[in-house]
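Below is one structure; the comments refer to it alone.
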Amino acid sequence: MTALEFQLIAKDRDSAARLGRITTPHGRIATPAFMPVGTQATVKAMTREELKEVKSQIILANTYHLYLRPGHELIGRLGGLHEFMCWDGPILTDSGGFQVFSLGELCKIREEGVTFQSHLDGSRHFISPEVSIAIQEALGSDIMMCFDECPPSSAEFGYVKKSMEMTTRWAVRCRDAMRRDDQALFGIVQGGRFDELRKESVCRLRDIGFDGYALGGLSVGEEKGVMYGVMETCEPFLPEERPRYVMGIGTPEDLVEAVYRGYDMFDCVMPTRNARNGMLFTSEGTLNIKNARYAEDRSPIDPECDCYVCRNYSRAYLRHLYRAGEILASRFNTYHNLHYYLNLMEQSREAIAEGRFNAFRKEFYNKREANR
RNA sequence: GGAGGGGUUCCCGAGUGGCCAAAGGGAACAGACUGUAAAUCUGUCGUCGGACGACUUCGGAGGUUCGAAUCCUCCCCCCUCCA
């Protein structure tokens, strides 16, 4: 598999943090990297130009959603996802495994695959590892994800063990189903909160061999300590020369902690969804732009931020836009939040490159503490 | 001038003798959101008190009744139609 190259550029002295570079057919990605989520072939509220302005290097799209609408075959006929959505950078597609988890009762999971009902019209469908890969190949993403099962954090050992073993078998089927050689495939580590299952999952995936390795089944309701613990458990067993992706995280703190523990790629709906719900990220913590105390606040969202929104607009105006239900509120809030996340990653990379990630991490927390 | 309809808690609006501090919606205030069924969802929303409760409310004033937003009398205001 040569569709993806990973170069390890530097390792932090005092932590597991690492600086790297991924090369895909659609460009390079400096890691650690945050990947904005564009489930339905759009990062909600953002144009391509805006995504570039905030320095998005790679974005996500979702197999499940695009299969249902507009249909992966249609996207394939139109030249693939890059051409369809007019994004010429790298794209990672999630396999649809997470939807099996989040759609709950609409799904039935068996060894062959998952039968489910569309959340759009109730129609019945079937996705297996082979189908998921076929969809992702039609979409033409740079990085495909294995089709996996993502159990809730409350799942007990016996269930998680069986689930992880099935996910591992599915991983083999995914790899065997690949027909194209210009796409990379990442395996997904499962095993819930159980260290021995996580270890086993990592080792078995490593034996199969993937272009990169992802931790799945995190940020699904478990305690922070469990999440960080799983990262620590898996890290020593992950091949150093391959990118490591923690799926679905997280808060800014989660990202800093994951980088600290040696992970390279992250994605989360938090900056985009929460933006649309009025929650903004700043160097001093979060703020809810809906709150009455910003009614006459002339300051920018984050005094330390140099994004387009912070350079031009006041909290008072953004609060007004939100309350008035104006579409610009979603756009500005999303723009700022993505800028914050992507900037946090850029700063992390600089810190690692300069061998001061620990100090960076400490300062990150100090600023928050000072303004509580 | 005549006929009819109506004034309800910040707004709109249900309620027409007790189960009404009063449905529902909006606004307001606060919270949640982690591989997006999300520009979504939850809570509070007369005053005071932890809960139970107490007190003050349904245009105004009086009255009937054990009990009134609901019935009666007068007054004030608004709307529609006719002249």
Side-chain angles (χ1 to χ4, degrees), chain A residues 34-46 58-66 68-69 92-107 116-122 132 136 141 143-153 167 186-190 212 214-224 226-228 245-255 257-258 263 265-281 286-295 319 321-334 337 341:
Chain A
F34 178 79
M35 309 183 281
V37 178
T39 302
Q40 310 209 64
T42 167
V43 176
K44 296 184 196 297
M46 289 292 97
I58 169 173
I59 60 176
L60 249 70
N62 193 284
T63 298
Y64 166 84
H65 295 265
L66 297 176
L68 286 181
R69 181 174 59 192
L92 182 149
T93 43
D94 189 20
S95 64
F98 186 74
Q99 276 57 49
V100 174
F101 161 72
S102 68
L103 266 53
E105 292 177 11
L106 293 175
C107 296
F116 63 94
Q117 280 186 273
S118 162
H119 70 279
L120 299 172
D121 63 5
S132 178
Q136 297 186 69
S141 53
I143 300 173
M144 304 189 289
M145 298 305 298
C146 282
F147 191 62
D148 66 331
E149 192 201 352
C150 178
S153 66
T167 287
F186 280 24
I188 303 178
V189 176
Q190 289 290 350
L215 299 191
L218 293 178
S219 60
V220 290
E222 77 282 4
E223 305 81 3
K224 291 277 182 199
V226 172
M227 185 199 293
Y228 300 152
Y245 164 24
V246 187
M247 306 185 79
I249 70 159
T251 63
E253 292 86 347
D254 291 341
L255 297 188
E257 292 309 307
Y263 292 85
M265 303 164 68
F266 317 98
D267 80 284
C268 191
V269 303
M270 190 169 275
T272 44
R273 177 192 284 167
N274 288 23
R276 297 193 302 282
N277 294 332
M279 179 181 159
L280 302 171
F281 293 92
T286 61
L287 66 82
N288 188 338
I289 200 64
K290 291 178 272 193
N291 288 171
R293 62 172 174 284
Y294 303 121
R319 168 174 143 90
L321 288 181
Y322 185 92
R323 284 158 30 103
E326 284 294 335
I327 200 163
L328 203 52
S330 285
R331 290 172 37 70
F332 281 166
N333 292 348
T334 301
N337 276 357
Y341 267 63

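Note on naming: letters A, B, ... go to the chains in the order of the sequence lines (proteins, then strands), and numbering restarts at 1 for each one.
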Measure the distance from CG on A:L92 to P on B:rU36 and round it to the nearest whole Å. 10 Å

Now, which nucleotide makes the Watson-Crick or G-U wobble pair with B:rC74, with each of the two distances under 3.5 Å? B:rG60

With a 3.5 Å limit on both atom pairs, tell me what B:rA3 is paired to, counting Watson-Crick and G-U wobble, or say none. B:rU80

Would you say A:R331 reaches B:rA39's phosphate, i.e. side-chain N/O to OP1/OP2 under 4.0 Å? no

Send over the distance from A:I289 CD1 to B:rA28 P, rounded to a whole Å. 14 Å

Scan every strand shown for a Watson-Crick or G-U wobble partner of B:rA51, both distances under 3.5 Å, and answer none if you come up empty. none

Taking any heavy-atom pair under 4.0 Å as a contact, classify A:T272: base, sugar-phosphate, or nothing. base

For B:rU40, does OP1 or OP2 lie under 4.0 Å from any side-chain N or O of A:R276? no

In whole Å, measure the gap between the P atoms of B:rA27 and B:rC41 for me. 12 Å

Report which part of the nucleic acid A:M279 touches: base, sugar-phosphate, or nothing (heavy-atom distance under 4.0 Å, all strands). base

Just label B:rA21 as syn or anti from its O4'-C1'-N9-C4 or O4'-C1'-N1-C2 angle, using within 90° of 0 for syn. anti

Mate of B:rG24 where both pairing distances stay under 3.5 Å, Watson-Crick or G-U: B:rC12

Round to a whole Å and report the spacing from CZ of A:F116 to C1' of B:rA37. 13 Å

Does B:rC29 have OP1 or OP2 sitting under 4.0 Å from an N or O in the side chain of A:R319? yes

With no hydrogens and no angle check, is any side-chain donor or acceptor of A:R69 less than 3.5 Å from a backbone partner on A:H65? no

A:C268 side-chain proximity, nearest of B:rU34, B:rC29, B:rU36: B:rU34

Strictly by Watson-Crick or wobble contacts shorter than 3.5 Å, is anything paired with B:rC66, and which nucleotide is it? B:rG18

Is any side-chain N or O of A:R273 closer than 4.0 Å to OP1 or OP2 of B:rU40? no

Give one of base, sugar-phosphate or nothing for A:N62, where a contact means two heavy atoms less than 4.0 Å apart. sugar-phosphate

Report the distance from atom CZ of A:F266 to atom P of B:rU36, rounded to the nearest whole Å. 17 Å

Would you check if the side chain of A:N337 reaches a backbone N or O of A:F281 as a donor-acceptor pair within less than 3.5 Å? yes

Do any N or O atoms from the side chain of A:N277 and from the backbone of A:N274 form a donor-acceptor pair under 3.5 angstrom? no

P gap between B:rA68 and B:rG60, integer Å: 15 Å

Sugar-phosphate only, base, or nothing, as touched by A:Q190 at under 4.0 Å among non-hydrogen atoms: base

Side chains of A:Q190 and A:T167 only: does a donor on one sit below 3.5 Å from an acceptor on the other? no

Taking for each residue the nucleotide of RNA chain B bearing the nearest heavy atom, is the 5' side occupied by A:F98 or by A:R323? A:R323

Determine the contact category for A:G278: base if any of its heavy atoms lies under 4.0 Å from a base atom, sugar-phosphate if only primed atoms, P, OP1 or OP2 are that close, otherwise nothing. nothing

Which nucleotide, if any, forms a Watson-Crick or G-U wobble pair with B:rU36, using both distances under 3.5 Å? none

With a 3.5 angstrom cut-off on both distances, give the Watson-Crick or G-U wobble partner of B:rA30, or none if there isn't one. B:rU42

For A:L66 and B:rA37, give me the distance from atom CG to atom P, rounded to whole Å. 12 Å

For the pair made of CE in A:M270 and P in B:rG35, what is the distance, rounded to whole Å? 8 Å

Taking atom P in both B:rA69 and B:rU56, compute the distance separating them and give it to the nearest angstrom. 12 Å

Exactly one candidate in A:L92, A:T93, A:N62 meets side-chain contact (heavy atoms from CB on, under 4.5 Å) with A:M145; the answer is A:L92

Is the side chain of A:D267 donor-acceptor paired with the backbone N or O of A:G248 at a distance under 3.5 Å, no angle test? yes

Quick one: which of B:rU40, B:rC29, B:rG35 gets closest to the side chain of A:V37? B:rG35

Ignoring backbone atoms, establish whether A:N333 has a side-chain N or O less than 4.0 Å from OP1 or OP2 of B:rA39. no

Hey, are A:Y294 and A:N288 close enough side-chain-wise for a donor-acceptor pair under 3.5 Å? no

Nearest to the side chain of A:Q40, which nucleotide is it out of B:rU34, B:rA38, B:rG31? B:rA38

Of the listed nucleotides B:rC29, B:rA37, B:rU36, the one nearest the side chain of A:H119: B:rA37

With heavy atoms under 4.0 Å as the rule, sort A:N274 into base, sugar-phosphate or nothing. base

Per atom distances to the A:N277 side chain, the nearest of B:rG35, B:rU36, B:rC33 is B:rC33

Presence of A:N291 side-chain N/O under 4.0 Å of B:rG31 phosphate oxygens OP1/OP2: yes

Check whether any side-chain nitrogen or oxygen of A:S330 sits under 4.0 Å from OP1 or OP2 of B:rA39, and answer yes or no. no

Which is true for A:Q99 with a 4.0 Å heavy-atom rule: it touches a base, it touches only sugar-phosphate, or it touches nothing? sugar-phosphate

Nucleotide nearest A:S102 when distance is taken to its side chain, options B:rU34, B:rA37, B:rC29: B:rA37

Of all residues at least two apart in sequence or in a different chain, which pass the ring-ring contact (aromatic ring centres under 6.0 Å, His included) check with A:Y64? A:F116, A:H119

Among B:rG35, B:rA38, B:rU36, which is the nearest nucleotide to the side chain of A:L60? B:rG35

